[in-house]
Amino acid sequence: MTPDQLAAAIRHAVVTAIAEGDLALEPSMVPDEITVERPRNPEHGDYATNVALQLAKPAGTNPRAVAELVAVRLRDVAGIEDVDIAGPGFLNITLDAATLGELARSVVVAGETYGRIDRYAGQKYDVEFISANPTGPLHLGHTRWAAVGDAIARVLEAAGAEVAREFYINDRGVQMDKFGMSLEARALGVEPPEGGYQGGYVDELAQQIVAADPAILDLVGDARWEAFREAGYALQLQQQKDVLDHFNTHFDVWYSERSLHSSGAVERGFEKLREQGHMFEADGAVWLRTSDFDDDKDRVLVKADGELTYFASDTAYYLDKRSRGFDVNIYLLGADHHGYVNRLRAVSACAGDDPDVNIEVLIGQLVKMVKGGEEVRLSKRAGNMITLEDLVDEVGVDAARYSLIRYPVDSPLVLDLDLLVSRSNDNPVFYVQYAHARISSVLRGAADLGIDWRSADADLSLLTHERETALLGLIGELPRVVATASELREPHRVARYLEELANGYHKFYDVCRVLPMADAELEPINVSRLWLCAAARQTLANGLGMLGVTAPERM
RNA sequence: GCCUCCGUAGCUCAGUCGGAUAGAGCACCCGCCUCCUAAGCGGGUUGUCGCGCGUUCGAUUCGCGCCGGGGGCACCA
């Protein structure tokens, strides 16, 4: 019996008590989802619920009386062995061993689909993240989003949503021109223009460009730096794609800002906004009246000189996403873009959408890094930046992804390079992966001994040891963790859960011998425990998959 | 000034539909491998959950006000 099934059974018991006149309540007062939690103290049973405390007041009676009414009915439910009333009115529920044990079988049978839920079935999500300029390597801040954004997408998919990962290429504007001029300057061996790009990668790109097309230096006037700009753009974008590919983050859509303009999407967007009546002209510029919807001030779309603002692109881009059928558009932005939240939401509202539904802006605090006890400054222009590749080179893809995903994004993340560089074992990713490798080893051992546990007639009611039931309980949590993580867009909850699960396995393994001893016969308990191992391994693998982290067979 | 995030053990941090004795890792001390991976497990020590009110059966959690810290306020990209 899963926690969800138990919650449904409890709800049914409450509704029955009302129908039979024992509880003076309107059925509508009963919450749709009953809270079922695993008690910290194992003596409090497998699961506990606080419904009685919630319903006592509206029912005009005391919690323990309500608890008693529910308990009586719950005790008759198949699979429930015992129901206790404790403390102020908690219901402590113990499942019978067979019912709890069968969870292991259902997980193994479900395989890779275990943990997948249908909460967002039929909904289309767009998750936009990173969206860097193609003028340099991805830095650490981008890297955080590369890991977290992809994990959010994976968790949403696990919750049943159809998800597009989207990267918006800022390939338009003066930054691109400065990039081209900087490349040209370095190719000619002179200093880049003021505000231009610095750093070793600029030199390398310049050399690559000249090597591939020496004739580029023969161009004159603007044509030359424009040619450098285009060549550099192509190379740098490809570099970002390669790096992200290696990082196990794969985008479905790479959307060019230029194409937004060339395709007419900007005009289409303006037309939509004009229909909705929120555009106006003043001081020679064209504005969007975002202040009607919680923005501090109105925003300019077209400047007095006729140039489109960056905001115009943002606006058109949002409308283009909507026209592509996405119900929910999630933006992941750095804290330095915090001021954009209200105006983006206002764009949604100005377009006639519901900003509480169709758009969602997640703000992530920036990543800092310390080395040798001092903060490492990240500066794209300065050139002494830490890149995604640097981090991966130091700690590997799995550790990099995991350490970035493991924390909620609304708190600043400080990565201690010395700690990550040193092969110390305090990185939790190893702890989780080790559990998976350890189980894999046990299952290999079973195969070596010729134990065909899958087709054996397993009696899973034998899994009654404290560490066994605790592990079963943990395994059963994955679907609920997916529900919470997807709803809150917080994949770090999956990571924390996996650490608990790994801990539960290690504790089990330490006390419960799985394979028969060298000189012993195969006992039924060995087979039961192999099922438990297989279920734990599957759960770990599925959870790690949601983080884009590998589940190694050996370590 | 306005907005926003944060303040939990010596350190780094978990902990949202309000729940039972507030957790983990690191650090420190002590135990556990003749047989399934010791990258593991067990035990010991550590707290005015920033402060004060309020909401209620119950608040680390929700509301308000302070104190302390990070970030943000463009016809920039």
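The sequence lines fix the lettering, A, B, ..., with proteins before strands; numbering per chain opens at 1.
A/Ile363 comes within 4.0 angstrom of no nucleic acid atom, judged by non-hydrogen atoms across all strands. Counting any heavy atom pair closer than 4.0 Å across all strands shown, A/Ala437 reaches a base atom. No contact: A/Thr309 has no heavy atom under 4.0 Å from any strand. Residue A/Glu257 is classed as having no contact, given no heavy-atom separation below 4.0 Å to the nucleic acid. Among the atoms of the strands shown, none is found under 4.0 Å from any heavy atom of A/Lys178. Contacts of A/Pro408 with the nucleic acid, taken as non-hydrogen atoms under 4.0 Å apart, involve only primed sugar atoms and P, OP1 or OP2. Across all strands, A/Glu490 comes closer than 4.0 Å to base atoms (heavy-atom distances). Nucleic acid contact for A/Ile34: base, since at least one base atom lies under 4.0 Å from a heavy atom of the residue. Here A/Cys512 lies in heavy-atom contact (under 4.0 Å) with a base. Residue contacts shown for A/Asp336 are limited to sugar-phosphate atoms, with no base heavy atom under 4.0 Å away. Here A/Thr484 lies out of heavy-atom contact (under 4.0 Å) with every strand. Counting any heavy atom pair closer than 4.0 Å across all strands shown, A/Ala48 reaches a base atom. Residue A/Arg513 is in base contact, counting any heavy-atom pair closer than 4.0 Å across all strands shown. Among the heavy atoms of the strands lying under 4.0 Å from A/Val514 is at least one base atom, whether or not backbone atoms are also near.
Atoms CD (A/Gln54) and P (B/A20) sit 14 Å apart, rounded to a whole Å. Look at CG on A/Asn503: it is 14 Å from C1' on B/A39, rounded to the nearest Å. The nearest whole Å value for the distance from the CG atom in A/Asp410 to the P atom in B/G70 is 17 Å. Computed from coordinates, the A/Arg172 CZ to B/C76 C1' distance equals 14 Å when rounded to whole Å. The separation between A/Tyr310 atom OH and B/C76 atom P is 14 Å, rounded to whole Å. Rounding to whole angstrom units, OH of residue A/Tyr497 and C1' of B/U16 are separated by 20 Å. The CG atom of A/Asn50 sits 15 Å away from the P atom of B/A59 (whole-angstrom rounding). Between A/Lys507 atom NZ and B/G43 atom C1' the separation is 12 Å, expressed in whole Å.
Of the charged side-chain nitrogens involved, at least one lies within less than 4.0 Å of a carboxylate oxygen, so that A/Asp177 and A/Arg229 count as a salt-bridged pair. Under 4.0 Å is where a charged nitrogen must lie from a carboxylate oxygen, and between A/Asp296 and A/Arg343 no such pair does.
In the set B/G40, B/G70, B/A74, the nucleotide with an atom closest to the side chain of A/Gln365 is B/G70. Between B/G40, B/C75, B/C3, one nucleotide has an atom nearer to the side chain of A/His338 than all others, and that is B/C3. In this structure, of B/C76, B/C41, B/U37, it is B/C76 that holds the atom nearest to the side chain of A/Lys303. Among B/C75, B/U56, B/C41, the nucleotide with an atom closest to any side-chain atom of A/Tyr431 is B/C41. When each of B/C36, B/G19, B/C13 is scored by its nearest atom to the side-chain atoms of A/Leu53, the top-ranked nucleotide is B/G19. Distance from the side chain of A/Arg467 is smallest to B/G42 among B/A14, B/G42, B/C75.
With a glycosidic angle further than 90° from 0, B/C36 counts as anti.
In terms of position along RNA chain B, the nucleotide closest to A/Leu413 lies nearer the 5' end than the nucleotide closest to the other residue of the pair A/Arg343 and A/Leu413. If you find the closest nucleotide of RNA chain B to A/Leu488 and to A/Pro39, the one lying nearer the 5' end belongs to A/Leu488.
With both ends at atom C1', the span from B/U48 to B/A22 equals 14 Å, rounded to whole Å. Comparing the same atom, P, in B/C6 and in B/G50 gives a spacing of 12 Å after rounding to whole Å. The gap from the C1' atom of B/C13 to that of B/C17 amounts to 24 Å, rounded to the nearest Å. The gap from the P atom of B/G42 to that of B/C33 amounts to 16 Å, rounded to the nearest Å.
In terms of heavy atoms, A/Gly543 sits closest to A/Leu498 at C-CD1, 3.5 Å.
Counting heavy atoms from C-beta outward, A/Phe90 and A/Thr49 have side chains that stay 4.5 Å or more apart.
Applying the 3.5 Å distance criterion, the base of B/A20 shares a donor-acceptor pair with the side chain of A/Asn92. Taking only distance into account, the side chain of A/Ser441 never meets the base of B/C36 through a donor-acceptor pair shorter than 3.5 Å.
Using a 30° and 60° split on the angle between ring planes, A/Tyr509 and A/Tyr505 fall in the tilted class, from 30° to 60°. Under the 30°/60° scheme for interplanar angles, the aromatic rings of A/His278 and A/Phe293 are found to stand perpendicular.
In this structure, the aromatic ring of A/Phe90 is positioned over the six-membered ring of the base of B/A20, centres within 5.5 Å and planes within 30°. Applying the 5.5 angstrom centroid cut-off and the 30 degree plane-angle cut-off, the aromatic ring of A/His44 is stacked upon the base of B/A20.
In this structure a side-chain-to-backbone donor-acceptor pair under 3.5 Å is present from A/Asp298 to A/Ser291.
With the 3.5 Å cutoff on both pairing distances, Watson-Crick and G-U pairs in RNA chain B assemble into runs of at least 3 at B:1-7 with B:67-73, B:10-13 with B:23-26, B:28-32 with B:40-44, B:50-54 with B:62-66.
In this structure A/Ala535 satisfies the side chain to side chain contact (heavy atoms under 4.5 Å, CB included) test together with A/Ala104, A/Val107, A/Val108, A/Ile475, sequence neighbours excluded. A/Asp519 meets the side chain to side chain donor-acceptor pair (under 3.5 Å) test with no other residue; sequence neighbours excluded.
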